[in-house]
Amino acid sequence: MLDVLLVDDEPFILQGLKMLIDWEQEGFQIIGTAANGEEALEILKTREVDLILADISMPEMNGLELLERIRKKQISNTYFAILSGYADFSYAQKAIRYECTDYILKPVKREELIGVLRKVTSMNNSVMKETQSIQKMEQAYLARNLIAVMKGKYDKLNLEYVKTHLHLSEGVRYIEIQLDGMEMNEEITDEEKRTHQRKLYQACQEFLGEDVRHCVFDVSNHEKIYDIGLVYCDYMSEKCEMSEKEYLQNFLSYLKRIVHFPVVILVGKKVADISGIAKSYSTACVLRSFQGFRAKKEIYYYEEEVQVTHGGIVLCKKSLDVLLKAIEQNRHIDIKKSVDSFYKEMKQMGVTGDTMNLNINYLLFQLIHLASQQDDDINQEEILRFISESAFEEGILRGSKTHLSRFACEYGDYLAQLRKNVSRGVLGEVEKEIRENYAENLTLKALGEKYFLNSAYLGQLFRKQYGKSFKDYLNQYRMEQAANLLLRTDGKIYEIAEAVGCHDLDYFVNRFIAVKGCTPTKFRKQAQSTHGIY
C-alpha cells in the first residue's frame with residue numbers, strides 16, 4: 001500500500017478527492033491532508049510519503065513552490081502530481097522541470113485520477129525491481145569476495161572490500177547453517193532440498209536484520225551439502241544482551257519455527273578478526289566431516305567437539321590398529337569383526353563422551369594417512385568430504401556400530417581403488433558426458449556408478465587431471481555455454497539459465513559472476529557495445 005498526502009486549501013476539494021475513488025482498491029492509503037505547502041513540509045519532517053497531490057494555487061506556499069522545495073532540498077523522493085485550474089503551458093513546463101509525475105486539470109475526473117495512480121504504481125514497481133536487482137548484484141559481489149576470504153584464497157582488494165561493506169568487530173567465527181541431511185525425509189529430491197535451502201537462507205536474512213550481509217548462500221558449493229554461511233561477530237550477541245550460546249540457540253529456535261524442517265549449526269573456532277576467518281571456516285569443515293561420528297546435536301561447537309582432556313582418557317589403540325589393518329587390506333568380514341571388538345572394548349572400559357570422540361578422531365586421522373600413502377598428491381579435503389558424505393547414509397544412526405562398520409567397508413573399497421591406479425581413460429568419458437549432457441543433473445555419484453568407480457576417487461582423479469573439482473569444471477563449462485547463448489540469442493536470462501542446467505536464477509547469476517566477473521546482463525551489453533550492436 002502506497003501512502004498519499006493531499007494538499008489543498010479548500011476543504012471541500014480535499015473531501016471530494018477522498019470520496020472520488022476507492023483508494024485502497026488502487027493500492028493507496030491517504031495518510032493525511034494539508035492546507036498549504038508549509039503544512040505539508042511539516043508532515044514530511046515526521047514521515048515519508050509515496051505520492052503528493054497538491055493544488056497549484058495556495059496561500060503561504062503553493063504547489064509548485066512545494067515541489068521546487070522538495071526537489072532542491074532533497075527532502076523526499078516522493079512522486080508528485082499537480083492539481084490546477086489553469087491550462088497554462090508555463091505552469092506545466094515548470095512542473096516538469098522539477099520532475100512532476102503528472103499534471104491534472106480541475107475539476108478532477110475519476111478516470112484521470114485513477115490513471116495517475118496506476119502510472120505511479122507502475123513507476124514504483126519498476127524502481128523497486130531495479131533497486132532489488134542492484135541489491136542482488138551488490139550482495140553477489142560481496143559474497144564472492146567474502147567466500148574468497150573465508151577459503152583463504154584472497155588478496156588485499158578482497159579483504160578491503162569485505163571490511164568496507166560489513167559491520168565487523170573483534171571475536172569472529174565462521175558458522176555453517178545447513179539442512180540436516182540425516183533427519184530429512186529420504187524421499188525429498190535434490191530440487192526440493194534446494195528449495196528448502198532457499199527458504200532457510202531467507203529465514204536467516206530475516207533473523208539477522210541489519211546484519212543480513214553477513215549471511216552467504218551455498219558457501220561450500222558442494223552438491224550434497226545445502227548450507228548457508230554466517231560470519232558471526234561478538235557484537236551480534238552483545239547488542240541483544242545475550243551470551244554467544246544464547247544468541248545461537250535463539251537463532252536456531254527462530255529457524256525451526258519458520259522453516260519447519262531439520263537444521264544443524266556448525267560453529268567454527270573463534271578467531272581475532274575477519275582476516276583469520278579462513279581458519280574458522282576450516283574448523284567448521286572439520287566439524288562437518290566428524291559430525292556423523294558424534295552424539296546427535298543441533299549445534300556443534302568446534303572447541304567442544306575436538307577438545308582433548310588428558311584426565312582419565314583411554315585410547316583403544318590395539319582394537320583400532322586391528323580395524324585399520326582390516327580396512328587397509330579391504331577384508332570386509334574382518335572389518336565387521338574388528339568393529340565389534342572395538343565397541344566391546346569401549347563398553348568394557350566405560351568409554352563415553354570425549355574419550356569416545358578421541359578414539360573416533362584417531363581412527364579418522366589414521367584413515368586419512370592411509371589414503372595419503374597410496375598417492376602423495378591426494379587431496380585431503382576430498383578425503384574429508386568422502387568421510388562427511390558417508391556420515392549421511394540413509395537409516396543409520398550417528399555414531400552407531402552399524403554406521404562405523406558400513407563406513408569402514410566403503411573406505412576399504414576406496415583404498416583398493418586408489419591402489420589399482422585405474423586407467424585415466426575414464427576421465428575422457430566423463431569429460432564427454434559434460435560436453436554432451438551439461439544441462440542435465442550430472443553428479444559424481446551417478447558417474448561413479450556408471451563407470452564403476454568410487455565417487456570420491458573419481459573426484460580426486462578429476463581434480464588432479466584438470467586442476468579443479470568436477471563441480472567447478474561443470475559450472476565453468478555451463479557458464480561458457482551460457483555466455484555463447486547470451487551472445488548468439490536474445491533469450492531472457494532465466495531461459496538461458498534453464499538451458500544450461502541451472503534452475504535457480506540467483507545461483508546462476510552468482511556462478512556467472514564468479515566465472516566471467518560480471519552479471520549476464522552486463523556481459524551481453526558489453527558484447528553488443530563492442531560489436532556495434534544497438
Side-chain angles (χ1 to χ4, degrees), residues 135-154 158 162 166 174-181 184 188-208 212-232 255 259 261-266 268 277-278 280-282 284-285 287-289 381 384-385 388-389 392 441-445 459 468-479 482 494 497-498 500-516 519-520:
Q135 288 175 344
K136 280 188 175 183
M137 294 305 104
E138 289 177 346
Q139 181 67 17
Y141 189 68
L142 173 60
R144 181 183 173 192
N145 282 275
L146 191 50
I147 289 173
V149 176
M150 288 173 181
K151 296 189 175 181
K153 297 180 180 179
Y154 66 93
N158 298 125
V162 169
L166 285 187
Y174 175 78
I175 296 177
E176 181 168 290
I177 304 163
Q178 60 171 250
L179 305 186
D180 191 342
M184 296 199 79
I188 293 179
T189 65
D190 289 344
E191 187 174 349
E192 288 171 325
K193 288 177 183 177
R194 176 63 100 181
T195 300
H196 286 336
Q197 183 186 15
R198 180 66 58 190
K199 187 174 181 181
L200 179 61
Y201 180 52
Q202 291 173 347
C204 289
Q205 289 180 311
E206 290 165 5
F207 180 86
L208 291 168
V212 65
R213 289 188 162 203
H214 287 244
C215 186
V216 183
F217 184 79
D218 202 32
V219 175
S220 70
N221 191 27
H222 188 270
E223 62 189 70
K224 291 189 177 181
I225 301 170
Y226 297 85
D227 64 303
I228 311 299
L230 170 65
V231 176
Y232 167 85
L255 295 178
V259 300
F261 48 76
V263 175
V264 64
I265 294 179
L266 309 175
I277 193 69
S280 185
Y281 172 79
S282 67
C285 292
L287 277 180
R288 185 201 303 151
S289 300
E381 185 179 340
L384 282 171
R385 186 176 295 167
S388 176
E389 291 172 1
F392 294 100
N441 183 27
L442 294 178
T443 65
L444 271 178
K445 182 179 180 182
K468 62 185 67 175
S469 70
F470 168 81
K471 187 73 171 179
D472 286 345
Y473 187 95
L474 175 61
N475 274 329
Q476 184 165 340
Y477 192 83
R478 283 172 169 170
M479 295 311 108
Y494 73 85
E498 290 280 348
V500 299
C502 295
H503 306 294
D504 183 313
L505 183 57
D506 288 341
Y507 178 80
F508 169 72
V509 171
N510 284 332
R511 296 283 75 80
F512 194 90
I513 291 172
V515 172
K516 294 296 183 181
T519 65

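Excluded from the calculations below are hydrogen atoms, water molecules and symmetry mates; all remaining heavy atoms, backbone and side chain alike, are included. FYI, the numbering just counts along the sequence from 1.
Note: Lys153 NZ to Ile147 CD1 = 12.0 Å, rounded to the nearest 0.5 Å. Here the NE2-OH distance, from His196 to Tyr226, works out to 10.5 Å after rounding to the nearest 0.5 Å. Leu230 contributes atom CG, which lies 11.0 Å from atom CD of Glu176 (distance to the nearest 0.5 angstrom). Here the straight-line distance linking atom CG of Asp506 with atom CZ of Arg511 works out to 11.5 Å at 0.5 Å rounding. To the nearest 0.5 angstrom, Asn510 atom CG is 13.5 Å from Tyr141 atom OH. Here the straight-line distance linking atom SG of Cys285 with atom CD1 of Ile225 works out to 8.0 Å at 0.5 Å rounding.
By the 6.0 Å contact criterion, NZ on Lys136 is open, its count of non-hydrogen atoms from other residues, nucleotides or ligands being 12 or less. The environment of Tyr507 atom OH is dense: over 12 non-hydrogen atoms of other residues, nucleotides or ligands sit within 6.0 angstrom.
Using a 4.5 Å heavy-atom threshold, the side chains of Leu200 and Gln178 count as separate. Between His214 and Leu166 the shortest side-chain heavy-atom distance falls below 4.5 Å.
The nearest pair of heavy atoms linking Gln139 to Tyr201 is NE2-OH, 4.0 Å. Taking all atoms of both residues into account, the shortest heavy-atom contact from Leu442 to Leu474 is O-CD2, 4.0 Å.
Between Phe512 and Phe508, the ring planes lie tilted relative to each other; the angle falls in the 30° to 60° range.
A side-chain donor-acceptor contact under 3.5 Å links Lys151 to the backbone of Val219. The backbone N or O of Ser220 lies less than 3.5 Å from a partner atom in the side chain of Asp227, making a donor-acceptor pair.
Between Asp218 and Arg194, at least one side-chain nitrogen of the basic residue sits less than 4.0 Å from a carboxylate oxygen of the acidic one, meeting the salt-bridge criterion.
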